[in-house]
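Sharing a structure below in structure tokens format, with a few things to ask.
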Amino acid sequence: MLQIVVLAMAAFVTATISGTIGMGGGILLLATMFCFLPHGQAIPLHAAVQIVSNGTRVLALWKHVDWSTVARFAIGAVPGGVAGAAILWSLGAPQQSEPYLKVLIGVYVLTTTFIPIPRGGPRPGHRFDFTFMGLLAGTAAVTVGAVGPLIAPLFARRAFVKEHLVATKAVCQMLLHVVKIPTFAALGTIEYGSFSVLIVVMTAMSIPGTLLGKRILARVSPAAFVMLFRIALTVAGLKVLIFDGVMKIAWFDWLP
């Protein structure tokens with residue numbers, strides 16, 4: 001019962017965060033779920049909840065979605081998801097290799113966050129930048145779980161702000177979560193029926209959280225949004241690098 005209450009509240013709070021600044025909520029929710037569930041169960045359950053959370057965000061901000069960006073991202077994300085599934089299948093124990101990937105992601109997030117934006121402000125970018133990012137994110141999504149911090153810097157550097165960023169990024173993330181569910185179903189790490197109550201409660205709480213985030217977003221100025229997004233990227237990058245990467249690698253080194 002305690003598990004359901006804590007995860008339900010976490011779903012509401014993290015959905016509010018993501019609905020406001022477009023990121024941060026997913027990785028915080030997954031970290032909370034890891035306190036109660038093993039890797040092979042937490043990631044597919046997280047995917048199910050995030051599909052609803054991101055889907056609600058998309059419906060609430062439908063007119064702000066940049067579908068050309070989504071299409072470019074999807075072209076890379078689908079084969080990336082297949083590659084990630086193959087890697088996960090061959091690894092057998094993804095929790096052993098995951099910290100090393102987290103270190104790379106953390107370094108990438110922090111580097112791209114603090115590299116100065118070219119003079120003249122953010123630019124549209126190359127036509128294949130989101131395709132390449134989709135490939136990387138699709139590959140990493142199955143083993144890492146929450147890859148919002150991985151794709152977020154690219155949106156920030158390509159002139160996406162406020163509703164435009166939140167809505168478009170939500171569609172891209174939803175695609176990644178959709179890829180995970182059949183992967184883990186094939187691996188047999190989880191039976192969704194046994195977690196039906198938890199899934200229903202968490203997804204139900206994510207909907208009002210997302211709508212609350214939308215209301216807050218409407219009151220945030222573009223300048224304040226950019227500042228909050230940059231802070232969220234920094235916190236997420238440090239969390240992924242230090243707590244999910246370096247500290248876990250050090251822990252494995254101490255094991256006999």
*Expected output: side-chain S53 to main-chain V49 donor-acceptor under 3.5 Å*: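 Checking the backbone N and O of V49 against the side chain of S53, no donor-acceptor pair under 3.5 Å is found.
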*I17 side chain reached by V13 side chain, heavy atoms, under 4.5 Å*: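 Heavy-atom side-chain distance check passes, below 4.5 Å.
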*Establish whether I151 and L228 are linked, either directly or via other cluster members, by ILVMFWY side-chain heavy-atom contacts under 4.5 Å.*
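As far as the 4.5 Å side-chain criterion goes, L228 and I151 are connected within one cluster.
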*Applying the 4.5 Å side-chain criterion to the ILVMFWY set and letting contacts propagate, would V78 and V178 be lumped into a single cluster?*
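Per the 4.5 Å side-chain linkage, V78 and V178 are not co-clustered.
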*Exercise: identify the closest heavy-atom pair between V58 and A167*: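 For V58 and A167, the tightest heavy-atom pair comes out as CG2-O, 4.3 Å.
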*Carefully, step by step, assess H46 and H177 under the rule side-chain contact (heavy atoms from CB on, under 4.5 Å).*
CA-CA 8 Å; H46 175 265; H177 291 304; 3.8 Å; yes
*Can you tell if the side chain of M33 reaches within under 4.5 Å of the side chain of L29, non-hydrogen atoms only?*
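Touching, per the 4.5 Å side-chain cut-off.
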*Do other residues, nucleotides or ligands put more than 12 heavy atoms under 6.0 Å from F36 CZ?*
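Atom CZ in F36 is crowded, with more than 12 foreign heavy atoms closer than 6.0 Å.
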*Keeping the roles fixed (side chain from T139, backbone from G80), state whether a donor-acceptor pair exists under 3.5 Å.*
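Answer holds: yes.
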*Can any side-chain N or O of K162 pair as donor or acceptor with the backbone N or O of L217 at less than 3.5 Å?*
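Pair found, side chain donor or acceptor close to backbone of L217.
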*Search all heavy atoms of V166 against all heavy atoms of L61 and return the closest pair with its distance.*
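It is CG1-CD1, 3.7 Å.
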_ILVMFWY network linking L7 to V201, side-chain heavy atoms under 4.5 angstrom_ =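 Yes; tracing contacts between hydrophobic side chains, which count when under 4.5 Å, links both residues.
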*Where does the angle between the aromatic ring planes of H164 and F160 fall among parallel (under 30°), tilted (30 to 60°) and perpendicular (over 60°)?*
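Judged by the thresholds at 30° and 60°, the geometry between H164 and F160 is tilted.
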_Between T168 and D66 (side chain of the first, backbone of the second, donor and acceptor by atom type, cut-off under 3.5 Å), is there such a pair?_
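It does hold such a pair.
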*Determine, step by step, whether K239 and L28 satisfy the side-chain contact (heavy atoms from CB on, under 4.5 Å) criterion, reporting the C-alpha distance in whole Å, the side-chain angles of both residues, the deciding distance to 0.1 Å, and the verdict.*
CA-CA 10 Å; K239 190 264 183 188; L28 290 175; 5.8 Å; no
*Might you point out which heavy atoms bring L233 and A152 nearest each other, and give the distance in Å?*
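Taking L233 first and A152 second, the nearest heavy atoms are CD2-CB, 3.5 Å.
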*R72 backbone acceptor or donor facing T131 side chain under 3.5 Å*: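 Flag set: sc T131 to bb R72 pair under 3.5 Å.
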*Mind checking whether Q50 and L176 have side chains closer than 4.5 Å, heavy atoms only?*
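In short, these two side chains do not touch, never coming nearer than 4.5 Å.
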*Identify the heavy atoms of M205 and A11 that sit nearest to each other, and give their distance.*
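Nearest pair, atom of M205 first, then A11: CB-CB, 4.3 Å.
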*List the atom of L110, the atom of T234, and the distance in Å for their closest heavy-atom pair.*
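Answer, listing the atom of L110 first, then T234: CD2-O, 3.7 Å.
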*Linking I/L/V/M/F/W/Y whenever any side-chain heavy atoms sit under 4.5 Å apart, do V200 and V5 land together?*
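The answer is no; the residues belong to distinct hydrophobic clusters.
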*In Å and rounded to the nearest 0.5 Å, what is the CZ to OG1 distance from R219 to T20?*
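It is 12.0 Å, given to the nearest 0.5 Å.
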_Restricting to non-hydrogen atoms, name the atom on F225 and the atom on V220 that form the minimum distance, rounded to 0.1 Å._
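So the minimum-distance heavy-atom pair works out to N-CG1, 3.5 Å.
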*Gap between atom OG1 of T14 and atom CE of M202 - 0.5 Å precision*: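 Rounded to the nearest 0.5 Å, the CE-OG1 separation comes out at 7.0 Å.
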*Is it possible for you to say whether V52 and I4 belong to one hydrophobic cluster, with membership spreading through side-chain heavy-atom contacts below 4.5 Å?*
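Shared cluster, no.
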*Reported OG1-to-CG distance for the pair T210 and N54, which is rounded to 0.5 angstrom*: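 Answer for the OG1-CG pair, T210 versus N54, is 7.5 Å.
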*Has the side chain of K169 got a donor or acceptor atom that lies under 3.5 Å from a matching backbone atom of F155?*
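Such a contact is absent between K169 side chain and F155 backbone.
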*With side chains defined as the heavy atoms from C-beta onward, is the minimum distance between L175 and V70 less than 4.5 Å?*
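In short, these two side chains touch, coming nearer than 4.5 Å.
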_Sub-4.5 Å side-chain heavy-atom contact between V171 and F73_ =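 Not touching, per the 4.5 Å side-chain cut-off.
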